[in-house]
Amino acid sequence: MEISKKLSQARQYEKEESQKIESSERPTFHMYSPIGWINDPNGFSSFNGKCHLFFQYHPYSTHWGPMHWGHYTTTDFIKWELEPCALAPDSEYDKDGCFSGTALEWNGQHVLMYTGVKEVVDENGEKSTRQTQCIALGDGVNYKKLDNNPVIEADKLPAGSSLVDFRDPKIWKDENGFWSLVGSKNEDGSGQLALFHSENVIDWEFVKILDYCRNEYGKMWECPDFFELDGKQVLIVSPQFMMADGKEFHSGNNSAYFVGEYDAANVEWKREIPHMIDFGLDFYAPQTMLHEDGRRIMVGWLQNWDNYLLPDHYRWSGIMTVPREISLRDGRMIQKPVRELEKYRKNKVAYSNYQLPSNKIVELEGLNGRCMDLSVNLSQAECKSFSIHLAASESYETVITYDKDRNTISVDRTRSGMFKDLLSERSIKLEEGMENMHFRILMDKNSIELFVNDGQYAMSTLIYTPLSVDGVFFETDGNVVMDIEKFEISLN
Ligand code: FRU
């Protein structure tokens, strides 16, 4: 297949430049940017016996720029293989970016659906952009954009819909053909999700607006995902411009899920109230895939648009979360790191029934590290507060605190080594009556993912603490008994 100059340049550049990065600077078990900037996960899907994960990509700098689709594959969600860059903004209709989208396998082809972006100048000489939906077909390495692109333009939307904000198609297939759910904005500037149908991935017709944000949960809903889970239907969206309401959502970009019912025959969707997916400081634009063994697996961008922490000397920016198996329990999403991670656990250190001395910072032998899977179970917690200090020394720490009176868990990276005045703390208000707290912490050098009570809550956070700082300390003001298990994670 003939490839464009822009794509071959990107392939050449990533191949040469990614090798120049010190491996000590790279995460061990997370998917990361080869070189330059990455944001949203894209096209997370199975094809030809492998799982493919593409991503929003600007290889040439550590900041967002004209978007490409980078590409990794895996067979176990932990070891990732870099594939050549898949899409470059090299066509008239996507010359300013190949934005987010999704993928599926069809008739032996890998179908990518993405948003093409191009800048236009209107009659008054003002610049704006046009977003359209496009298709590329491939063999798992090389992808050819359709001659018919763009296959959906904003003129198919109801009158008054934005021509600018029309992006992030979620494509799926059922016995009635192909469907695509696309983020859009209506006349009042509030988000809506437009549903399209096709028999052949080329000709699409508008079906209806499946859901309206009505200025209730942010504005534009980015990166929709829509799928069946444990007998219910789930809608994931990443709303922009939310205002904190003191309950669950914070200001700015959030990622939320709605559980509901979908009547596919009549194309009717009814939802309940939304919930936050991840309560940490760094999580956005998650996307899921259905594994052939039946698991629904979700991955998110472990970063946030408003807080740019990257130290200046880095030549790569961005990692993805550990893929998470998701399920529903009592109408809530449960998230657990993929079970494949367990086969990379080494050098177990365990403490059982350990009575933590009160009002003292305690360091336990063998628990230090920056690349680990650490479980702490509180079999007794008669205290006001209990904390785990990670990447800790006298000068640095990131602290996870369970505050029993306020009934919260917080993560605080104020002293993680930040040189900028950035957001550093966030908490979860727990449901009433939680006993026997369990914390599972995945730390991979500069990231911390916390899973509370077997996946009931998740919190993902970046820290750029010097890698030599690897203390793990515990602290309480009361009577705490813990069981601890710690494993190093090694892919060798
Ligand atoms: C979400 C997002 C998407 C868009 C992409 C551009 O983070 O803004 O809506 O497609 O990033 O890189």
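Read the numbers this way: they start at 1 and go in the same order the structure lists the ligands and their atoms. Predicted model, so just to flag it, every value in this text is computed and none were measured.
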Participant: In chain order, what residues pass the side-chain contact (heavy atoms from CB on, under 4.5 Å) check against D245, with sequence neighbours excluded?
Facilitator: K247
Participant: Report yes if the distance between the aromatic ring centroids of H275 and Y457 is under 6.0 Å, otherwise no.
Facilitator: no
Participant: So, do F54 and Y114 have ring centers that fall under 6.0 Å from each other?
Facilitator: no
Participant: Taking side-chain contact (heavy atoms from CB on, under 4.5 Å) as the test, write out the residues that go with S46, two or more places apart.
Facilitator: M289
Participant: Please list, by chain and number, the protein residues whose heavy atoms come under 4.0 Å of ligand 1.
Facilitator: N39, D40, Q56, W64, M67, F99, S100, R167, D168, E222, Y284, W305
Participant: The criterion is side-chain contact (heavy atoms from CB on, under 4.5 Å); which residues satisfy it with L229, sequence neighbours excluded?
Facilitator: F227, V234, R296, I326, L328
Participant: Less than 6.0 Å separating the ring centroids of Y217 and Y212?
Facilitator: no
